[in-house]
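Everything on this sheet refers to the single structure shown next.
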2 protein chains.
Amino acid sequence: MSDPPPKRRLRMTRQRRVILEELKKLKAHPTADEVYEVVRERLPRISLSTVYRDLETLCEWGKVRLLEVGCAKKHFDYDTRDHYHVRCARCGRVENLPVEPFTYLEQAFRDLTDYEVTGHKLELIGICPECKRKEEEEKKSKEEAP
Amino acid sequence: MSDPPPKRRLRMTRQRRVILEELKKLKAHPTADEVYEVVRERLPRISLSTVYRDLETLCEWGKVRLLEVGCAKKHFDYDTRDHYHVRCARCGRVENLPVEPFTYLEQAFRDLTDYEVTGHKLELIGICPECKRKEEEEKKSKEEAP
DNA sequence: TTCAGCAATAGGAGTTATTCCTATCTTATG
DNA sequence: CATAAGATAGGAATAACTCCTATTGCTGAA
Ligand SMILES: [Mn+2]
Ligand SMILES: [Mn+2]
Ligand SMILES: [Zn+2]
Ligand SMILES: [Zn+2]
C-alpha cells in the first residue's frame with residue numbers, strides 16, 4: 001500500500017539557523033509573524049511562508065515547541081522542555097511559570113476517561129501588568145469627565 | 001468621552017432558543033458550524049452568521065460557555081460551571097473530566113507571576129477511542145502487506 | 001391597535017492566520 | 001561538473017471567523 005517513510009535529510013539552512021537564533025533571543029513566545037518581523041532584519045528577503053514552514057520543520061525536528069494557547073494564533077517556544085504558562089486574557093501575551101509540571105496529574109486522571117492520555121496542559125489566565133495599567137488609566141479618565 | 005454602557009435588552013428569539021436547546025441535547029462540545037448543522041434542521045433559513053452572533057451573545061449572557069481548546073476552532077459548552085476537559089490530539093474532540101477543579105491552584109501560583117490571575121485551564125491531551133481504533137487498523141494493514 | 005424605534009436576522013463581503021502551489025534556486029554527492 | 005533532493009520566495013487558496021447592510025420582527029407607549 002504505502003511506502004516506508006522517506007526519511008529526508010533536513011538541512012540547517014541559513015533561514016532556519018536565524019529563525020532559531022532569534023527565537024532563542026526573544027524571551028517571549030512569539031507568533032509566526034512576530035518571528036518574521038525580527039528575522040527580516042537579518043534576512044530581508046525571507047518570506048512569511050518560509051518562516052511558517054521552517055517553524056513547523058523545527059518543531060518536528062524537536063528544536064522548537066509549538067504552544068497551543070487560547071484559541072487564536074500559534075505561539076512558538078525555544079524551550080522544548082515541559083513547562084506551564086500564564087496568558088493575558090486581553091493581549092494574548094504568554095509567559096513562563098517557574099514551577100515543575102505536575103507529572104502525577106496524568107496518572108491521577110487516567111481513570112476518569114477512556115482516552116489514551118499522552119499529556120496535559122495547565123495554563124494560568126490573567127491580566128498582564130501592561131494591560132492592567134491601561135485599564136486603570138481608562139477608568140481614571142472616565143471618572144474625570146463623566 | 002465615551003457614553004455609558006447602553007444596556008440593550010436581549011431577546012430570547014426563536015433562533016437563540018433553538019441554538020440553546022440543541023446545544024443542551026448534544027453531549028459533545030460542538031464548534032459553531034456543528035451547531036449550525038443541527039440547528040438548520042429545525043430552522044432551515046438560519047444563517048451561519050446568526051449562529052456565530054447568537055453563540056457569542058449567549059456567552060455574554062452567561063447561558064453558554066466558550067471553550068478555548070488547542071489552537072483551532074472555537075468550541076461551545078452548555079455547561080457553564082467550571083470544569084476540566086480532555087481533548088483528542090488527532091480529531092479535536094473534547095469531553096468532560098468528571099473531577100472538581102483545583103481552586104487552590106490559582107492561589108498557589110499567584111506569587112509566580114506579576115499577572116493579575118483570574119482563572120486557570122487544565123486540559124488532558126490524548127487519543128480518543130475512535131482514533132485509537134483507526135490507528136490500530138492502519139498499523140495492522142501495513143503489517144499484512146509491507 | 002397602531003406605530004416609532006430598537007433589536008435581530010439573512011446573506012454576503014471582508015479579514016486574519018495559515019496552508020498550499022510552483023517555478024526557481026541551493027547544496028551535497030558521485 | 002551533473003544530478004537530484006531539499007529549500008525558497010512569492011503569491012494563490014483556504015478556513016474560520018467577523019463585519020456590514022438592507023430588511024424584518026418585537027414591544028411598549030400613546
Ligand atoms: Mn515557555
Ligand atoms: Mn464541558
Ligand atoms: Zn496583556
Ligand atoms: Zn479522536
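Naming convention: chains lettered A, B, ... in sequence-line order (proteins, then strands); numbering from 1 in each chain. Side chains are part of it too, since the values below use all heavy atoms of this structure and drop only hydrogens, waters and symmetry mates.
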Point to revise | salt_bridge(A:Glu21, A:Arg42) N-O dist < 4.0 Å | key: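 Yes, this pair counts.
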
Check your understanding: Is the shortest side-chain N to carboxylate O distance from B:Glu130 to B:Arg93 below 4.0 Å?
Key -> yes

Look at [X] and [N] and indicate whether a side-chain polar atom (N or O) is within less than 4.0 Å of OP1 or OP2.
X       : N      : result
A:Lys74 : C:dT19 : yes
A:Thr13 : D:dT8  : yes
B:Arg45 : C:dG11 : yes
B:Arg53 : D:dC19 : no
B:Arg9  : C:dA8  : no
B:Tyr52 : D:dT18 : no

**Study point:** Residue closer to the 5' end of DNA chain C, B:Leu48 versus B:Met12 (nearest nucleotide)
**Key:** B:Met12

Check your understanding: With nearest nucleotides of DNA chain C determined for B:Thr57 and A:Thr31 from heavy-atom distances, which residue corresponds to the more 5′ nucleotide?
Key -> B:Thr57

For atom [atom1] of [X] and atom [atom2] of [N], their distance in whole Å:
X       : N      : atom1 : atom2 : answer
B:Ile46 : D:dT24 : CD1   : P     : 18 Å
A:Leu66 : C:dT18 : CG    : C1'   : 12 Å
A:Leu55 : D:dA7  : CG    : C1'   : 15 Å
A:Leu67 : C:dT18 : CG    : P     : 13 Å
B:Leu58 : C:dA7  : CG    : P     : 17 Å
A:Arg14 : C:dA28 : CZ    : P     : 12 Å
B:Gln15 : C:dA8  : CD    : P     : 11 Å
A:Arg16 : D:dA9  : CZ    : P     : 11 Å

Check your understanding: Starting at the 5' end of DNA chain D, which residue's closest nucleotide do you reach first, B:Arg11 or A:Val51?
Key ->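 Counting from the 5' end, the first nearest nucleotide belongs to A:Val51.
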
Point to revise | B:Glu56 or A:Pro44, whichever maps to the more 5' nucleotide of DNA chain D | key: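 Looking at DNA chain D, the more 5' nearest nucleotide goes with A:Pro44.
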
Check your understanding: So, for B:Cys88 and A:Tyr115, which heavy atoms are closest and what is the spacing to 0.1 Å?
Key ->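 For B:Cys88 versus A:Tyr115, the nearest heavy atoms are N-CE2, 3.5 Å.
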
Review point. Does a side chain donor of either B:Tyr84 or B:His120 reach within less than 3.5 Å of an acceptor in the other side chain?
Key: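 There is such a pair between these side chains.
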
Review point. What nucleic acid atoms does B:Asp33 come within less than 4.0 Å of, heavy atoms only: base, sugar-phosphate, or nothing?
Key: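 Counting heavy atoms under 4.0 Å across all strands, no contact is made by B:Asp33.
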
Point to revise | B:Lys63 and B:Met12: CA distance, side-chain angles, deciding distance, side chain to side chain contact (heavy atoms under 4.5 Å, CB included) verdict | key: CA-CA 11 Å; B:Lys63 295 181 181 301; B:Met12 182 51 75; 4.1 Å; yes

Check your understanding: Which of these nucleotides, C:dT9, D:dG10, C:dA8, is closest to any side-chain atom of A:Ser47?
Key -> D:dG10

